[in-house]
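This report refers to the structure that appears directly beneath it.
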Amino acid sequence: MATIARGMSALGAKMMETSVRALFERYESLFNQSLGGDVNMDEVAALYASEFIGAAPAGVRAGKNDDQFKQVMAQGYAHYRAIGTKAMRVRAIRLSPIDELHCVAHVGWTATYARKDEPDAEIDFDVHYFVQKLDGEPKAFGWVSGDEQALLAKHGII
């Protein structure tokens with residue numbers, strides 16, 4: 001279980017962990033639906049706060065959870081299908097609570113890719129999500145990820 005943040009009750013920490021795990025189970029399910037070309041972008045957008053930040057080696061970006069965001073997410077899913085992504089699975093979740101309403105969810109993912117004339121490739125990677133729980137519902141309001149393009153190139157996916 002997550003380490004309890006100062007001033008956070010054990011019950012509060014457990015409730016946070018349970019709800020954040022459910023958030024990423026939903027994220028995993030929606031991602032995998034998208035790989036089959038069947039996803040409701042409103043459901044995907046509901047995983048995120050109204051505004052968010054993202055950081056990767058390419059820089060830091062801020063955005064709004066709006067129609068443009070849904071369009072970008074749909075294009076991203078199309079790209080994953082095009083490069084042979086077959087499945088995305090949560091491998092592990094570890095929480096770093098900040099307070100009763102916020103945590104960092106360190107999520108270990110395993111992605112499975114089809115490769116022409118070779119066995120499928122499984123690639124492990126981690127993304128660190130900033131999560132806020134308002135009105136009982138956790139939403140991602142930011143994330144920090146590694147160099148996805150370099151990792152895919154290293155494994156011969158792109």
Side-chain angles (χ1 to χ4, degrees), residues 1-3 14-49 51-97 102-133 137-158:
M1 187 160 99
T3 304
K14 183 63 177 170
M15 288 174 58
M16 174 73 83
E17 182 169 356
T18 299
S19 65
V20 170
R21 285 185 181 281
L23 170 72
F24 287 101
E25 287 171 5
R26 185 77 181 130
Y27 189 111
E28 175 186 71
S29 175
L30 289 169
F31 199 110
N32 285 307
Q33 285 177 30
S34 77
L35 294 175
D38 177 31
V39 68
N40 179 325
M41 291 313 298
D42 290 331
E43 289 183 56
V44 172
L47 302 173
Y48 295 91
E51 297 177 324
F52 51 84
I53 58 170
V60 176
R61 295 187 182 225
K64 291 185 182 289
N65 189 340
D66 57 13
D67 288 338
Q68 181 181 358
F69 174 63
K70 293 176 193 175
Q71 182 179 8
V72 168
M73 291 293 289
Q75 291 168 351
Y77 291 139
H79 170 74
Y80 285 120
R81 286 191 300 275
I83 64 171
T85 312
K86 293 174 64 174
M88 192 71 68
R89 180 178 53 85
V90 171
R91 188 178 69 258
I93 299 174
R94 179 178 57 84
L95 298 188
S96 295
H102 303 89
C103 71
V104 178
H106 309 276
V107 181
W109 293 97
T110 299
T112 304
Y113 299 89
R115 296 188 300 177
K116 193 174 187 176
D117 301 326
E118 291 185 49
D120 290 351
E122 287 195 345
I123 301 174
D124 293 340
F125 63 96
D126 298 319
V127 179
H128 311 279
Y129 298 89
F130 297 97
V131 178
Q132 181 179 53
K133 186 176 178 185
E137 178 121 11
K139 295 188 183 279
F141 69 92
W143 59 88
V144 177
S145 62
D147 191 338
E148 179 181 20
Q149 297 306 305
L151 186 61
L152 293 173
K154 174 183 171 186
H155 289 275
I157 305 302
I158 58 171

Could you work out, with side chain to side chain donor-acceptor pair (under 3.5 Å) as the rule, every residue matching Asp120, not counting sequence neighbours? Lys86
Would you please indicate if the ring centroids of Tyr129 and Phe141 are separated by under 6.0 Å? no
Check Ile83 against Tyr113 and note the closest heavy-atom contact, atom names and distance. CD1-CE2, 4.0 Å
Under 4.5 Å between any side-chain heavy atoms of Ser19 and Lys133, yes or no? yes
Is there side-chain contact between Val20 and Cys103, with heavy atoms separated by less than 4.5 Å? yes
Main-chain N/O of Ser34 paired with Arg81 side-chain donor or acceptor, under 3.5 Å: yes
Please tell me if the side chains of Val90 and Val107 come closer than 4.5 Å, counting only heavy atoms from C-beta onward. yes
Side chain Arg94, main chain His106, donor-acceptor under 3.5 Å: no
Parallel, tilted or perpendicular, judged at 30° and 60°: which one describes the rings of Phe69 and Tyr48? perpendicular
Student check: side-chain heavy atoms of Leu47 and Leu30 closer than 4.5 Å: yes
Side chains of Leu23 and Tyr27, heavy atoms from C-beta outward: is any pair under 4.5 Å? no
Is any side-chain heavy atom of Gln132 closer than 4.5 Å to a side-chain heavy atom of Lys139? no
Please determine which of His155, Lys154, Glu148 meets the side chain to side chain contact (heavy atoms under 4.5 Å, CB included) test together with Ile123. His155
Could you check whether any side-chain heavy atom of Ile157 comes within less than 4.5 Å of a side-chain heavy atom of Thr85, counting everything from C-beta outward? no
Answer yes when Arg21 and Glu17 have at least one side-chain N-carboxylate O distance shorter than 4.0 Å, and no when they do not. yes
Count the heavy atoms of every other residue, nucleotide or ligand shown that sit under 6.0 Å from CD of Gln68, and state whether that count exceeds 12. no
Report yes or no: does Asn65 contribute a side-chain atom to a donor-acceptor pair with the main-chain N or O of Ala45 at less than 3.5 Å? yes
To check you understand the geometry: which heavy-atom pair defines the closest contact between Met41 and Ala74, and what is its length? CE-N, 3.7 Å
Derivation of the side-chain contact (heavy atoms from CB on, under 4.5 Å) call for Phe130 and Val144: CA-CA 8 Å; Phe130 297 97; Val144 177; 3.8 Å; yes
Arg61 (side chain) donor-acceptor with Phe52 (main chain) under 3.5 angstrom: no
